[in-house]
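Reviewing the structure listed below.
What you see below is based on every heavy atom in this structure, not just the backbone, and it leaves out hydrogens, waters and symmetry mates. Throughout, a chain's letter reflects where its sequence line sits, starting with A, and its residues are numbered from 1.
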There are 2 protein chains.
Amino acid sequence: MRTGAEPAGSKTYSITQLSEEFSVTPRAIRFYEDRGLLHPRREGQTRIYSQRDWVRLLLILRGKRVGFSLAELREILDLYDLGDQQTEQIRLTLVLARNKMVALERQRQDIDQTMAELGTACTYFEKLLAERGLDPEAAIAAPRQRRARTA
Amino acid sequence: MRTGAEPAGSKTYSITQLSEEFSVTPRAIRFYEDRGLLHPRREGQTRIYSQRDWVRLLLILRGKRVGFSLAELREILDLYDLGDQQTEQIRLTLVLARNKMVALERQRQDIDQTMAELGTACTYFEKLLAERGLDPEAAIAAPRQRRARTA
DNA sequence: GGTGACGTTGACGTTAACGTCAACTGGTCA
DNA sequence: TGACCAGTTGACGTTAACGTCAACGTCACC
C-alpha cells in the first residue's frame, strides 16, 4: 500500500504471467524496465504489473516489430505520460510524434514496394513451375518458428 | 576481362561512388560483400560494381529499412539469382517468398495501428495547445538527421 | 527442516552490423 | 623522388538487446 493510485481492485500480473502472455522472457521484461520503458510497482522485492504496464508492454512489442529501438520506444511511451506538462514540452512532444509518423509513412512505402517485388517474383516462380507441369500450390509453407518458447 | 558477361559498355561504379550515392560507408559495402550480398567484379585488387550490383544495393538498403537482417536479405536476393535451378529449389524459393510476404503484411498492420495511435495522440496534443490559445503549427519539425555523412 | 516454485540481483557472454585504425599497394602529378 | 590519393586487408572496438549462469531470498507445503 504505497501510493494507492491504482483503482485498488484493478487486475495485476506477475512477471511470468506477462512473459507467457506475450511470449517474451522475464529477462527481457526486466531489461525494458532497466531501460525506463516500464515502471512496475514493487511488493517487497517482487514486481507487480498493472493494466497500464500491460498496455505498455503491448506497445513496446508492437513498436519493436515496427522497427523502433528501445530508446525510441521510451520516447514514444513518454508521450502518453504527460500529465500537467509545460506548454513547451507539449509542443516538443507533438513534433516528436509527427516525426515518428513521417518515418512510419516512409517505411510503409518501403514495405509496399518490397511486397510488390516479391509478388512479381512469386508469379514468375509459379509460371516456371506451371511450365514444368507442376502445381505451385504443392509448395506448402512451413510455419516459420522464430524464438518461440519451448515450454 | 574475366567473364565478359556484362554488356561491355554498361556503366560501372567504384566503391566510393556507390557509398556516396547511397549514403553508406565503403566499410558497410564491403561488409555486405563479406556476407554474400554483393559479388562485385575485381580489377586487380579493386572492386568494380555493375548496374546489377547497384540494384542489389538498393534492395539491400530498402530491405534493411523494412527490418530484414542481412542474412534474410541474402536469401531474398538469392531469389533473383536462380538461373536453371532444379524444380525443388524453385518450389522452396516460392515458399520463402510467400513467407516473407506474410511477415511484411503483418508488419504493415503494425505500422497502421501505430500510426493511428500516434495520430490520435497528435490531435490530443493539438487540442491541448489550442485550449491554451496557441497555434499547434508553431511546432516546427526539425529534420531528424540520422547517420548522415558529415562529408 | 528440506525441497521446489517463483522471484531477485549482478556479472559475464553473444550476435549483428558495422566503426575505427593500422599497415600496405598502386597510380599520378609536381 | 616524394607526396598524395583511392583502394585494400586484417584486427580489434562498439552498441543494442537480450541470454545464461550463479548465488541468494521467501513462501507454501509435506
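For R30(B), counting side-chain heavy atoms from C-beta on, the closest listed nucleotide (dT8(D), dG7(C), dG19(C)) is dT8(D). Here the side chain of Y32(A) is nearest to one of dC18(C), dT8(D), dC18(D), namely dC18(D). In the set dG19(C), dT8(D), dC6(C), the nucleotide with an atom closest to the side chain of A28(B) is dG19(C). The side chain of R42(B) approaches dT9(D) more closely than any other nucleotide in the set dA17(D), dG7(C), dT9(D).
Between K64(A) and the phosphate of dA16(D), there is no side-chain N or O to OP1/OP2 separation shorter than 4.0 Å. Not one side-chain nitrogen or oxygen of T25(A) sits closer than 4.0 Å to the OP1 or OP2 atom of dC18(D). Taking side-chain N and O atoms only, S14(B) has no distance below 4.0 Å to OP1 or OP2 of dA6(D). Between T46(B) and dA6(D) there is no side-chain polar atom (N or O) within less than 4.0 angstrom of OP1 or OP2.
A salt bridge links R62(A) and E117(B); the closest N-O separation between the charged side-chain nitrogens and carboxylate oxygens is under 4.0 Å. Between E33(A) and R30(A) there is no salt bridge, since none of the side-chain N atoms of the basic residue sits less than 4.0 Å from a carboxylate O of the acidic one.
Residue R65(A) contributes atom CZ, which lies 17 Å from atom C1' of dA17(D) at whole-angstrom precision. Taking atom CZ of residue F31(A) and atom P of nucleotide dC12(C), one finds them 17 Å apart after rounding to whole Å. The CZ atom of F68(B) sits 17 Å away from the P atom of dA16(C) (whole-angstrom rounding). Rounded to a whole Å, the CD atom of E33(A) is 12 Å from the P atom of dG10(C). The nearest whole Å value for the distance from the CD1 atom in I60(B) to the C1' atom in dA16(C) is 15 Å. Rounded to a whole Å, the CD1 atom of I29(B) is 13 Å from the C1' atom of dG7(D). dA16(C) atom P lies 13 Å from atom CG of L37(B), rounded to whole Å. For the pair E20(A) CD and dA5(C) P, the interatomic distance rounds to 14 Å; values are reported in whole Å.
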Derivation of the salt bridge (Lys or Arg N to Asp or Glu O under 4.0 Å) call for R41(A) and D53(A): CA-CA 10 Å; R41(A) 223 175 68 219; D53(A) 294 319; over 6 Å; no

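Looking only at atom types and distance, the side chain of Q51(B) has a donor-acceptor partner in the side chain of Y13(B) under 3.5 Å away.
Looking at every heavy atom in both residues, I60(A) comes nearest to L73(A) through O-CD1, 3.4 Å.
In the interface, the side chain of R47(A) is not paired with the base of dT8(C) through any donor and acceptor atom under 3.5 Å apart. Residue-to-nucleotide contacts include a donor-acceptor pair under 3.5 Å from the side chain of R27(A) to the base of dT20(D).
Mapped onto DNA chain C by nearest heavy atom, Q45(B) and L70(B) fall at different nucleotides, with L70(B) at the one closer to the 5' end.
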